[in-house]
Number of protein chains: 2
Amino acid sequence: MSEAVSRPTLEAVAARAGVSRATVSRVVNGGDGVRDSLVTRVRQAVDELGYVPNQAARSLVTKRHDAVAVVIAEPGTRVFADPFFAAQLRGISKELTAHDNQLVLLLTEGRDDHARVARYLAGGHVDGALVFSLHLDDPLPGLIRDAGVRTVFGGRPDWDDGDSGGAVYVDSDNRGGARDAVRHLVGLGRTRIAHITGALDQTSAVDRLDGYRDVMGDADPELVVESDFTPGGGEHAMRELLTRRPDVDAVFAANDLTALGALRVLRAEGRRVPEDVAVIGFDDMAPVAEQTDPPLTTVRQDIEEMGRIMARLLLGGGPAGGVILPTTIVRRASA
Amino acid sequence: MSEAVSRPTLEAVAARAGVSRATVSRVVNGGDGVRDSLVTRVRQAVDELGYVPNQAARSLVTKRHDAVAVVIAEPGTRVFADPFFAAQLRGISKELTAHDNQLVLLLTEGRDDHARVARYLAGGHVDGALVFSLHLDDPLPGLIRDAGVRTVFGGRPDWDDGDSGGAVYVDSDNRGGARDAVRHLVGLGRTRIAHITGALDQTSAVDRLDGYRDVMGDADPELVVESDFTPGGGEHAMRELLTRRPDVDAVFAANDLTALGALRVLRAEGRRVPEDVAVIGFDDMAPVAEQTDPPLTTVRQDIEEMGRIMARLLLGGGPAGGVILPTTIVRRASA
DNA sequence: GTGAAAGCGCTAACAT
DNA sequence: ATGTTAGCGCTTTCAC
């Protein structure tokens, strides 16, 4: 259909304003060091012609794009359903917009897409990438490193084994938050404190487990049940726990959804929360933690802020290494 | 920090393969009309050097970008929370990926952003735009038309007053679906059929109301209550309805969320569904419609497919005018 | 079938 | 302070 009507070029504006292309370029890019009278004249020509700079031409010479890619190694199905990504994307979107940068969303629906993403990043479309890697065996981080674009990871990448190794990432203080949670339970006088883990192929789950062990190192291993961050998984794990150790008096769940499942089972089994069993979660996702019965005490992490900081780091060219965001305990009724 | 290492250019590949830039270009773009031996030689050079074409340079001459913008005139807060957008984006993302196109997400957090979006679109970054306008007074559609990019709208734009006017859009058959819903209620023997509307500044809400009126033209106007597509709004409207017409025996709610609210009030008031009052929704959002008590009978529209078709239309350069997708009734227990 | 050369629209030295 | 000029990396006639 109607091919994009060919827009006016710098040249046209220059002709109309009776100046050189260089001058128009200067005005368009801020206009420092150009006589006011000329600035006005050029601005007017720009308006009259409806001139908008061609970004491809500009990028070709400046090597800047004012765009960053957000790479999420999850099928769209999950991304748009998970409030976690939602909050992160919101933070990112806000920060990018504030810096006049565009957000290019790259979702990988499957293994084949990885090559496509790598190609895109190497193609020099964007100034950098924000990557959510999530899984320990993911080949994507490697591919992206090879593509040679500035990258900030959301969550500690698994191949960052303690010493930064040049990677830039933003993560919550999962381990510290977990320690706080368990200590809170200890402070309540609980002694048989269990932990329902998250999916252990994600560093966040591993870190939270480590935090639990920091405090409960000498506890019965039976008190740790592996799970997967879902409510269903939480239910299953809680039942298992009740079988293994009927005397359990506190549970630290790897996230709020897991805690939700645990709560359901405890109620079904007639255990009072928090009197018989105290329960604490992780995340503080408002729609979940505030609605449980009883309302959930949990470890809060500011997800949206995390997204914002990732974007800021990428744009500002922050230092290599990790940025760890603090967590805080939000006390409600469950512990 | 580490500036993106300067990637090899066409020139470098040409030198390495001992051919001209033109030949490399041909090979990279499909390689028709080039001797097989040369093709092989060039391919090898490409691999060895890790060459990836610079898109800015390519776009500058071809005027193509293999990228399309998705413009959503809603703050990120809503977009990432609403399963409706989620499904649409999923469909779009899949179709674009299949055609090797990238998705640039443009959210407008406020009025100021409109200019930014318009500028971006006019800047020739993308081959087209997929726009979700949604509200009747929105200035965005106009701005976008002026930007001169191919555009497909999601949902009938309000300024499309019957005759297409050159706009391309994809919408569900809201009016027809509404008629079917009401007829279904009639078929159940109901006579005092009410309608709780959606937000009437959106064409979808208006169309559904029109569909209701097509069938119930002569009904008591008191049976129509204006609402806003939310569960809270549905509750409020249902209470109002019960006051106005305590004898109501069926409700057609403008969407599933509204129906959810209505259901809650009916239960609280001791009305049995569907025995005393039959309820039918619109959308068939699985997480909602399947979980209500009783499960909701509703009008299904395939949102993901809608997204996919929008993308296909944009890429394929479809005909002007609207594409209307059919709806079907999904019978569960509430009507 | 292959190469040479002319731009695409812009910015950034370098002159003036 | 402004204009001139040389590319950025690629595609695409047009000759050969």
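Residues from residues 42-63 of chain B placing a heavy atom under 4.0 Å of any atom in DNA chain C, listed by number, are B/L60, B/V61, B/K63.
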Output one line per pair: protein atom, nucleotide atom from nucleotides 2-4 of chain C, and distance, for all N/O pairs under 3.5 Å.
unit_1, atom_1, unit_2, atom_2, d
C/dT2, OP1, B/R35, NE, 2.5
C/dT2, OP1, B/R35, NH2, 2.6
C/dT2, OP2, B/R35, N, 2.6
C/dG3, OP2, B/S20, N, 3.1
C/dG3, OP2, B/S20, OG, 3.1
C/dG3, OP2, B/T23, OG1, 2.6
C/dG3, N7, B/R26, NH1, 3.4
C/dG3, O6, B/R26, NH2, 2.7

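Under a 3.5 Å cut-off, the side chain of A/S59 and the backbone N or O of A/Q55 do form a donor-acceptor pair. Here the side chain of A/D127 pairs no donor or acceptor atom with the backbone of A/V68 at under 3.5 angstrom. In this structure a side-chain-to-backbone donor-acceptor pair under 3.5 Å is present from B/R7 to A/A147. Proximity of a side-chain donor or acceptor of B/N101 to a complementary backbone N or O of B/A67 within less than 3.5 Å is detected.
Shortest non-hydrogen contact noted between B/F153 and B/P141 is CE2-CB, 3.9 Å. When all heavy atoms are compared, the tightest approach of A/L314 to A/G128 is CD2-C, 3.7 Å.
Taking the 5' to 3' direction, DNA chain D first and last meets chain B under 4.0 angstrom from a heavy atom at D/dG9 to D/dT13.
Distance, B/L10 CG to C/dC8 C1': 15 Å, rounded to whole Å.
With rounding to the nearest 0.5 Å, the separation of CG in A/L10 from CG in A/N54 is 9.5 Å.
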*Show your working on side chain to side chain contact (heavy atoms under 4.5 Å, CB included) between B/V19 and B/R26 and close with a plain yes or no.*
CA-CA 11 Å; B/V19 298; B/R26 288 183 187 112; over 6 Å; no
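Legend: ring-ring contact (aromatic ring centres under 6.0 Å, His included) pairs involving residues 87-121 of chain B, not counting sequence neighbours, sorted by first then second residue: B/Y120-B/H125.
For A/S172, the side-chain hydrogen bond (donor to acceptor under 3.5 Å, both in side chains) partners are A/Q301, not counting sequence neighbours.
For CD of A/E48, the number of neighbouring non-hydrogen atoms (other residues, nucleotides, ligands) closer than 6.0 Å is greater than 12. Counting heavy-atom neighbours within 6.0 Å of B/D47 CG, excluding the residue itself, gives a total above 12.
Overall bending of the helix from C/dG1-D/dC16 to C/dT16-D/dA1, expressed as the angle between end axes built from five pairs apiece, is 40° (10° steps).
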